[in-house]
Asker: 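Okay, here's the structure, questions in a sec.
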Amino acid sequence: MTIKPVRKAVFPVAGLGTRFLPATKAMPKEMLTVVDKPLIQYAVEEALEAGIEQIIFVTGRGKGALEDHFDVSYELEATMKARGKSMAAIDGIRQKPGSPVYVRQQEPLGLGHAVWCAREIVGDEPFAVLLPDELMVGGFLRQMVEAYNRVGGNVIGALEVPDSETDKYGIISPGKVDGRLTEVRALVEKPKGKAPSNLMIPGRYILQPEVMRVLDNQAPGAGGEIQLTDAMAKLIGDQPFHGFTFDGQRYDCGDKAGWLTANIALGLAREDLRAPVRDFIATLDL
Ligand code: UTP
């Protein structure tokens, strides 16, 4: 079996972000900041650190701020230069000219549908999918790519959640476990009743292009949306399929509590912010 390298990453960013209203009424959810960076930038940096060469955004209406964020801001750069200010903060955001690709998902019909909208750009090679509202600290995609380079096929993130939360996520039915790799026997989106395990899929995927052929005909599933989980499940048995356990920190920033937690944790992790944030927390009567 030849294992083709993962060069492309798809970022589905066309969702409506209804859990974060009113912040997301006129602003993309993926532009919410944690400390001083928008969520999308954390995800793009994670992908670049994993060796990804081509960034593909699946956007929708009202997501213009996201495209501008990865573009050159002439006014800002000219002003910073004229004032003798460091360009370090904005230099990191620049992509090679012509490199990021934007495709549109005309209607938010679900994550599976959003990924399918990138099929022409993905072509016939394995690709990563990163959901930017899941903020991962610790280089999750890089670790997944390393595991993929050994076993090939499909490698998806796996994270243990309490039993009470399994009905909110795509859940793995596990087979053999080998270190941080778990064989995937089946996948269930938002299981009602008893879940096959408490291993959820935390928004990171390395998939073979055949999933696009499944998505060509995928019917809506849970919540009336076209689910990526349902399409991936159909590859099991035909291709190697593993879950990979993350050894790092995940913040669900699509949710207000998760986003607030991320701001506190990442604020405390920053040398320039630790003292004032810690001092404020110390004054709280909890
Ligand atoms: P979510 O379900 O977390 O995002 O999808 P949402 O629908 O925007 O949020 P809520 O639940 O209404 O608050 C996970 C990711 O998939 C993208 C979202 O933008 C998010 O990054 N997505 C979801 C799409 O691109 N298209 C869709 O049709 C659905």
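Start at 1 and go down the list; that is how both ligands and their atoms are numbered. The first residue of the sequence shown is numbered 1, and numbering continues consecutively from there.
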Asker: So, R142 and E49, do they make that salt bridge, N to O below 4.0 Å?
Answerer: yes

Asker: Answer side chain, backbone, both or neither: which part of T18 comes under 4.0 Å from ligand 1, heavy atoms only.
Answerer: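 Under 4.0 Å from ligand 1, T18 contributes backbone and side-chain atoms.
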
Asker: Within a reach of under 6.0 Å around CZ of R61, are more than 12 heavy atoms found that belong to other residues, nucleotides or ligands?
Answerer: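 Check fails, neighbour count at 12 or below.
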
Asker: Looking at P108, which atoms of ligand 1 are within less than 4.0 Å of one of its heavy atoms?
Answerer: 28 (O)

Asker: After noting the C-alpha distance and the side-chain angles of F70 and Y102, does the key distance pass the side-chain contact (heavy atoms from CB on, under 4.5 Å) rule?
Answerer: CA-CA 11 Å; F70 291 97; Y102 298 87; 3.8 Å; yes

Asker: Are any non-hydrogen protein atoms located under 4.0 Å from atom 9 (O) of ligand 1?
Answerer: yes

Asker: Side chain or backbone, does R19 bring an N or O within less than 3.5 Å of an N or O on ligand 1?
Answerer: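 The answer is yes, given that R19 and ligand 1 share an N or O pair closer than 3.5 Å.
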
Asker: Between CD of E46 and CG of L130, what distance do you get to the nearest 0.5 Å?
Answerer: 5.5 Å

Asker: Would you mind running through ligand 1 and noting each atom that sits below 4.0 Å from a heavy atom of L109?
Answerer: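 Here the atoms of ligand 1 in question are 28 (O).
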
Asker: Counting from 1, what ligand 1 atoms have a heavy atom of L111 closer than 4.0 Å?
Answerer: 16 (O), 29 (C)

Asker: Using a 4.0 Å cut-off to any heavy atom of K29, which atoms of ligand 1 qualify?
Answerer: 1 (P), 3 (O), 4 (O), 6 (P), 8 (O), 9 (O)

Asker: To the nearest 0.1 Å, how far is atom 20 (C) of ligand 1 from its closest protein heavy atom, and which atom is that?
Answerer: P12 O, 3.8 Å

Asker: Before signing off on this row, confirm whether G15 and ligand 1 have an N or O atom pair separated by under 3.5 Å.
Answerer: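 By distance alone, the answer is yes.
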
Asker: Can you measure from CZ (F11) to CD1 (I55) and round to the nearest 0.5 angstrom?
Answerer: 4.0 Å

Asker: Just so I know, are the side chains of Q54 and F127 near enough to count as touching, which here means a heavy-atom distance under 4.5 Å?
Answerer: no

Asker: For ligand 1, is any non-hydrogen atom under 4.0 Å from Q105's backbone (N, CA, C, O), its side chain (CB onward), both, or neither?
Answerer: side chain

Asker: Which of the atoms of ligand 1 are close to P132, meaning less than 4.0 Å from one of its heavy atoms?
Answerer: 21 (O)

Asker: Kindly check if the number of other-residue, nucleotide or ligand heavy atoms within 6.0 Å of NZ (K256) is above 12?
Answerer: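 It does: K256 NZ has more than 12 such atoms within range.
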
Asker: Show, in sequence, the C-alpha distance, side-chain angles and deciding distance for E134 and R204, and conclude whether the salt bridge (charged side-chain N to carboxylate O under 4.0 Å, His left out) test is met.
Answerer: CA-CA 9 Å; E134 302 258 12; R204 296 294 182 274; over 6 Å; no

Asker: Which one holds for E225 and ligand 1: side chain close, backbone close, both close, or neither close, with close meaning a heavy atom under 4.0 Å?
Answerer: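 None of E225 does.
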
Asker: Do you know which two heavy atoms are closest between V6 and I206, and how far apart they sit?
Answerer: CG2-CG2, 3.8 Å

Asker: In the protein, which heavy atom is nearest to atom 28 (O) of ligand 1, and how far is it?
Answerer: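 Ranked first by proximity to atom 28 (O) of ligand 1 is G110 N, 2.8 Å.
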
Asker: Do the side chains of Y205 and V188 join up, straight or via other hydrophobic residues, at under 4.5 Å, putting them in one cluster?
Answerer: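 No, Y205 does not connect to V188 through the hydrophobic network.
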
Asker: For L16, is at least one N or O under 3.5 Å away from an N or O on ligand 1?
Answerer: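 Yes.
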
Asker: Quick check: G254 and ligand 1, any N/O pair under 3.5 Å apart?
Answerer: no

Asker: So, is A114 polar-close to ligand 1, with some N/O to N/O distance under 3.5 Å?
Answerer: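 Looking only at distances, the answer is no, because the N/O contact criterion of under 3.5 Å is not met.
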
Asker: Which value, rounded to the nearest 0.5 Å, describes the distance between M27 atom CE and L32 atom CG?
Answerer: 4.0 Å

Asker: Taking heavy atoms and a distance under 4.0 Å, where does E30 meet ligand 1: side chain, backbone, both or neither?
Answerer: side chain

Asker: Between A14 and ligand 1, find which residue part has any heavy-atom pair under 4.0 Å and reply side chain, backbone, both or neither.
Answerer: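 Both backbone and side chain.
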
